[in-house]
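Note sheet for the following structure.
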Amino acid sequence: MKRLSFIVALALLVFSLVGCGNRNTTSSGPGDSNSDKNESKKDVVIFATTPDGGAFSAKDKDGKLVGFDIEIVETLAKKENLQVEWKEMKFNGIIPALQAKQIDGAAAAITIRDDRRKVTNFTDSYFESGLVLVTKKDSSIKSFEDLKGKTIVAKQGSSGLQKAQELAKKYDSNVKVLEDEPTLYMDVEAGGSNALVNDLPFVLDKMNSGTGNKLKMIGDKLTGEEYGIAISKDNEDLLNKFNKHLAEMKSNGEYDKMYKKYFGSN
């Protein structure tokens, strides 16, 4: 009898686990007891982001994810009746998570690069960016040549780190690596590093917010870059659907309206 009870309990446990193993969410209309009527099933797509702050991805006072990246992904997903489940990650963990198929996609101001294309897909560009060199206003660094013997800091896993390494090699500088966006500015302001390399929109957001009034940019943009929404290699269908809707948003003015909401003008 005990053995029979054990088998029944085990069967119920397996059944419950199987029932939780899908990525579908079901929502029914109020007062509707008929599952064949007014029932809407949404497939869930898991996306990663890095809420470092700024206009792309951040948290509001209630802890909710907000920003240009968040809204554009959720808008594209909604057009396909998809529900987005967000996972917060360190920036340098996003590409490995895509490779390991732990997530379906990611939006974190990710620069489209050939090395990244080898392991993940990207949508068409949704934002034009570029890298800049930043120092303190009272820094002795006035040009790139002044970087000799200095320390340049950049974010781990970023295009900024690649450029910092190139500058260091060219001008005989040192490179320091940090994990988070805000710590780059804090490190330079505190004298831990002499300069930083980061994406122009993040730098402008920092300076325009009033919290970066001790900083200045050196020279012009170091690079011209484009951001794309990363989509896992095995999900061509989602990639094609996102590209289709992104193109429609750009042509019908929906993208411009969203852009102006976060960046003022296009």
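Within the 4.5 Å cutoff, side-chain heavy atoms of L204 are placed close to those of M217. Within the 4.5 Å cutoff, no side-chain heavy atoms of N121 are placed close to those of S232. Counting heavy atoms from C-beta on, the side chains of K241 and K79 never come closer than 4.5 Å. Between D237 and N235, the closest side-chain pair of non-hydrogen atoms falls below 4.5 Å. At a threshold of 4.5 Å between non-hydrogen side-chain atoms, the residues D205 and V203 do not count as touching. In this structure, L215 and T135 have side chains that are not in contact, with every pair of non-hydrogen atoms separated by 4.5 Å or more. Residues M89 and T49 have side chains not in contact (no heavy-atom distance under 4.5 Å, counting atoms from C-beta outward). At a threshold of 4.5 Å between non-hydrogen side-chain atoms, the residues E80 and H245 count as touching.
When all heavy atoms of I70 and S57 are compared, the closest pair comes out as CD1-OG, 3.8 Å. Closest approach of K150 and S140 over heavy atoms only: CE-OG, 4.0 Å. Between P51 and A58 the shortest heavy-atom distance is CB-CA, 4.1 Å. Residues T111 and S159 approach most closely at CB-OG, 3.4 Å, considering heavy atoms. The two residues V175 and A168 come nearest to each other via the heavy atoms CG2-CB, 3.4 Å. Considering all non-hydrogen atoms of both residues, A195 and L147 come closest at CB-CD2, 4.3 Å.
The environment of CG in D220 is sparse: at most 12 heavy-atom neighbours from other residues, nucleotides or ligands sit within 6.0 Å. At most 12 heavy atoms of other shown residues, nucleotides or ligands fall within 6.0 angstrom of atom NZ in K170. Residue K257 qualifies as open at atom NZ: its count of foreign heavy atoms under 6.0 Å is 12 or below. The neighbour count for K244 NZ, taken as heavy atoms of other residues, nucleotides or ligands under 6.0 Å away, does not exceed 12. The environment of E248 atom CD is dense: over 12 non-hydrogen atoms of other residues, nucleotides or ligands sit within 6.0 angstrom.
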Quick one, E88 with T50, criterion side chain to side chain contact (heavy atoms under 4.5 Å, CB included). Give me CA distance, side-chain angles, the key distance, then yes/no. CA-CA 6 Å; E88 297 175 29; T50 304; over 6 Å; no
For a side chain to side chain donor-acceptor pair (under 3.5 Å) check, start with the C-alpha distance between Y126 and E226, then their side-chain angles and the critical distance, and finish with the verdict. CA-CA 7 Å; Y126 73 94; E226 295 182 329; over 6 Å; no
Checking side chain to side chain contact (heavy atoms under 4.5 Å, CB included) for the pair K155/V177: CA distance, chi angles, key distance, verdict? CA-CA 6 Å; K155 187 166 69 174; V177 183; over 6 Å; no
In sequence, state the C-alpha distance, the side-chain angles, and the governing distance for V45 and D43, and then conclude on side chain to side chain contact (heavy atoms under 4.5 Å, CB included). CA-CA 7 Å; V45 286; D43 286 330; 5.9 Å; no
Salt bridge (Lys or Arg N to Asp or Glu O under 4.0 Å) between K163 and E166, worked out: CA-CA 5 Å; K163 180 55 66 175; E166 291 176 17; 2.8 Å; yes
Could you walk me through whether K216 and K136 pass the side chain to side chain contact (heavy atoms under 4.5 Å, CB included) test, one step at a time? CA-CA 6 Å; K216 67 177 180 181; K136 290 175 66 175; over 6 Å; no
Dump the intermediate steps for salt bridge (Lys or Arg N to Asp or Glu O under 4.0 Å) on D187 and K176, then the final yes or no. CA-CA 10 Å; D187 194 59; K176 185 174 183 179; 3.0 Å; yes
If you apply the rule salt bridge (Lys or Arg N to Asp or Glu O under 4.0 Å), what do you find for D180 with K90, and how did you get there? CA-CA 8 Å; D180 302 310; K90 296 289 186 182; 2.9 Å; yes
Before giving the answer on salt bridge (Lys or Arg N to Asp or Glu O under 4.0 Å), spell out for K206 and E181 the whole-Å C-alpha distance, their side-chain angles and the decisive distance to 0.1 Å. CA-CA 10 Å; K206 177 72 174 177; E181 184 85 23; over 6 Å; no
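Although no hydrogens or angles enter the test, the distance criterion places a donor-acceptor pair under 3.5 Å between the side chain of D69 and the main chain of A109. Under the 3.5 Å distance criterion, the side-chain polar atoms of K233 are matched with a main-chain donor or acceptor of R117. No donor-acceptor pair closer than 3.5 Å links the side chain of T120 to the backbone N or O of R116.
Comment: D62 does not engage K64 in a salt bridge, judged by the lack of any side-chain N to carboxylate O separation of less than 4.0 angstrom.
One finds the CG atom of D256 at 10.5 Å from the CD atom of E254 (value rounded to the nearest 0.5 Å). Expressed to the nearest 0.5 Å, how far CG of N194 lies from CD1 of I141 amounts to 5.0 Å. With rounding to the nearest 0.5 angstrom, the CD1 atom of I46 is 10.0 Å from the CD atom of Q102. A distance of 10.0 Å separates CG in L82 from CG in L76, rounded to the nearest 0.5 Å. Atom CD1 of I229 and atom CG of D124 lie 10.0 Å apart (nearest 0.5 Å). Atom NZ in K221 sits 15.0 Å away from atom CG in L133 (nearest 0.5 Å).
The cationic group of K87 does not satisfy the cation-pi geometry with F47, failing either the under 6.0 Å distance to the six-membered ring centre or the 45° limit from the ring axis.
No continuous path of hydrophobic side-chain contacts links L200 to I218 [ILVMFWY only; heavy atoms under 4.5 Å]. Cluster annotation: V188 and L184 are assigned to the same hydrophobic cluster (Ile/Leu/Val/Met/Phe/Trp/Tyr, side-chain heavy-atom contacts under 4.5 Å, transitive). Tracing side-chain contacts under 4.5 Å through hydrophobic residues (I, L, V, M, F, W, Y), one never reaches L167 starting from V153; they form parts of separate clusters. Under the 4.5 Å side-chain heavy-atom criterion for grouping Ile, Leu, Val, Met, Phe, Trp and Tyr, L161 is not connected to L196 through any hydrophobic cluster. The hydrophobic clustering, which links ILVMFWY residues whose side-chain heavy atoms are closer than 4.5 Å, places I110 and L131 apart.
Here the two rings, on F202 and F56, have centers that are under 6.0 Å apart. Ring pair F122/F242: centre-to-centre distance not below 6.0 Å.
Ring geometry, Y227 versus F127: the interplanar angle falls under 30°, so the pair is classed parallel (tilted spans 30 to 60°). F144 and Y171 have parallel rings, their planes meeting at less than 30° on a 0 to 90° scale where 60° marks the start of perpendicular.
Judged by distance alone, the side chains of S193 and T151 never bring a donor and an acceptor atom under 3.5 Å apart. E225 and S129 are not linked by any side-chain donor-acceptor pair at a separation below 3.5 angstrom, with hydrogens and angles left out of the test.
Listed by chain and number, the residues in a side-chain contact (heavy atoms from CB on, under 4.5 Å) with K214 are E189 (sequence neighbours excluded).
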